[in-house]
Amino acid sequence: MTVFEKSRGVGGRMATRRTEHGARFDHGAQYFTVRDERFAAFVQRCEAAGAASRWRGRIASLGQALPAGKAEQPRHVGTPGMNALCGELAGGLDVRLETRCAPPVWVEGERRWRLASDQGQPLGEYEAVVVSAPAPQAAQLLAATPALASAARAVQMRGCWAVMAAFAERLPLDFDGAFVHGSPLSWVARNSSKPGRDTTPGADAWVLHASPEWSDAHIEREPAAAAGQLLAAFGEATGVELPKPEYASAHRWRYALPAEPLPDRCLYDAAKRIGACGDWCGGPRVEGAYLSGLALADKIAASKPIASSQHPTANCQ
């Protein structure tokens, strides 16, 4: 298996940013829940390796009552950041970072996939290809299989503006995470309450997620303007006069979550051994992405090999 990753590290939307001030922010996925026994086994493995832990933060709801039982729902996080789980998965694999793939080319006579970077640099030939990018980007990489590309193109991905804010002192709020209603925000979390986050003692690090509706309507805003408006919304939703943050930054996730995931766990062309997986297949959330990957792996394993084992699998992210 060779993994081609366009970013500087593995993780994608399970991202963690650390600032020069020492604050740490999970500005993508905030936590994950566990329902499926296969995902539970992986999480247990991560916990044993120190890459995951239970988050026992106090959960509230602003602007609307929290449904019964939701506050007590077990929530887990990667440690010391959300991307630790992906680091655990990447262990032992050949991962090529900062490599952006062009659409794979099917070589009919040899029945193999030929990969190159978007700059034309050859990346090798492979027996099978896995695409795990968000649906709109996956559609581009699946150009050689029009049916799969069309299915991926049909999935709408919603945006999300995320604000990272660090304060010199702890804010007077009696919760560590809250769902927000009737606001530009949909979720806020005291990131410094999560296990393994070595924030400066006495300081407070918060992540604010805008709602899909607000994010889509303001997707092209300047980051500083988005941060200012969402920080103001944070103060309004909590009723707290916020001090000036020591650090504040906004990150735009253009493809944050699927509006309506496909009913199938993955896409796969058995004749050409190419497929796609992600949280836009079969169900969102971290667990949904993991199960989608397992589903595609099972399909590839069950397929009849089409080439020599000298040409392994490529994963384009």
Side-chain angles (χ1 to χ4, degrees), residues 13-17 23-36 39-40 43-44 46-47 51-85 158 160-167 169-199 202-215 230-240 242 245 251 253 256-257 279 283-290:
R13 283 167 285 157
M14 293 187 71
T16 300
R17 180 181 298 181
R24 190 188 297 270
F25 300 97
D26 300 319
H27 58 298
Q30 295 293 287
Y31 60 85
F32 56 91
T33 54
V34 180
R35 297 173 176 82
D36 188 277
F39 187 53
V43 172
Q44 289 171 5
C46 290
E47 289 177 337
S53 185
R54 174 85 177 270
W55 178 34
R56 302 183 185 277
R58 298 159 298 172
I59 305 301
S61 181
L62 306 178
Q64 185 174 305
L66 191 65
K70 195 165 186 178
E72 292 76 29
Q73 183 181 33
R75 293 173 172 83
H76 306 261
V77 294
T79 51
M82 287 296 288
N83 54 7
L85 272 77
R158 308 295 301 272
C160 179
W161 273 106
V163 173
M164 295 156 278
F167 301 92
E169 297 181 357
R170 184 180 176 88
L171 299 183
L173 297 172
D174 61 356
F175 57 82
D176 300 307
F179 300 96
V180 189
H181 308 273
S183 165
L185 297 168
S186 63
W187 166 261
V188 298
R190 177 179 272 128
N191 210 80
S192 45
S193 71
K194 296 178 181 178
R197 275 64 177 173
D198 53 350
T199 304
D204 226 5
W206 285 81
V207 172
L208 322 177
H209 275 186
S211 69
E213 295 76 18
W214 192 94
S215 296
L230 293 172
L231 279 166
F234 182 37
E236 292 172 4
T238 58
V240 170
L242 299 177
H251 180 86
W253 296 103
L257 71 163
D279 65 343
R285 300 186 303 272
V286 172
E287 184 177 65
Y290 181 85

Would you say [X]'s side chain and [Y]'s backbone share a donor-acceptor pair under 3.5 angstrom?
X: Glu287; Y: Arg35; result: yes
X: Ser211; Y: Ser186; result: no
X: Arg24; Y: Thr16; result: no
X: Gln30; Y: Gly28; result: yes
X: Asp204; Y: Leu171; result: yes

Are [X] and [Y] close enough that some pair of their side-chain heavy atoms sits under 4.5 Å apart?
X: Ser53; Y: Thr79; result: yes
X: Leu231; Y: Trp206; result: no
X: Pro172; Y: Val240; result: yes
X: Phe32; Y: Phe39; result: yes
X: Met14; Y: Val286; result: yes

Under the rule for side-chain hydrogen bond (donor to acceptor under 3.5 Å, both in side chains), what residues qualify as partners of Arg285, not counting sequence neighbours? none
Distance alone, cut at 3.5 Å: any donor-acceptor contact between the side chains of Trp214 and Ser183? no
Apply the salt bridge (Lys or Arg N to Asp or Glu O under 4.0 Å) test between Asp26 and each candidate in Arg17, Arg197, Arg190; give the one that qualifies. Arg197
For Phe234 and Val163, what are the C-alpha separation, side-chain angles and deciding distance, and is it a side-chain contact (heavy atoms from CB on, under 4.5 Å)? CA-CA 10 Å; Phe234 182 37; Val163 173; over 6 Å; no
Looking at CG of Leu208 and CE of Met164, how far apart are the two atoms once the value is rounded to the nearest 0.5 Å?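 Going from the CG atom of Leu208 to the CE atom of Met164 covers 10.0 Å.
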Which class fits the ring pair His27 and His251: parallel under 30°, tilted 30 to 60°, perpendicular over 60°?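 Rings of His27 and His251: perpendicular, over 60°.
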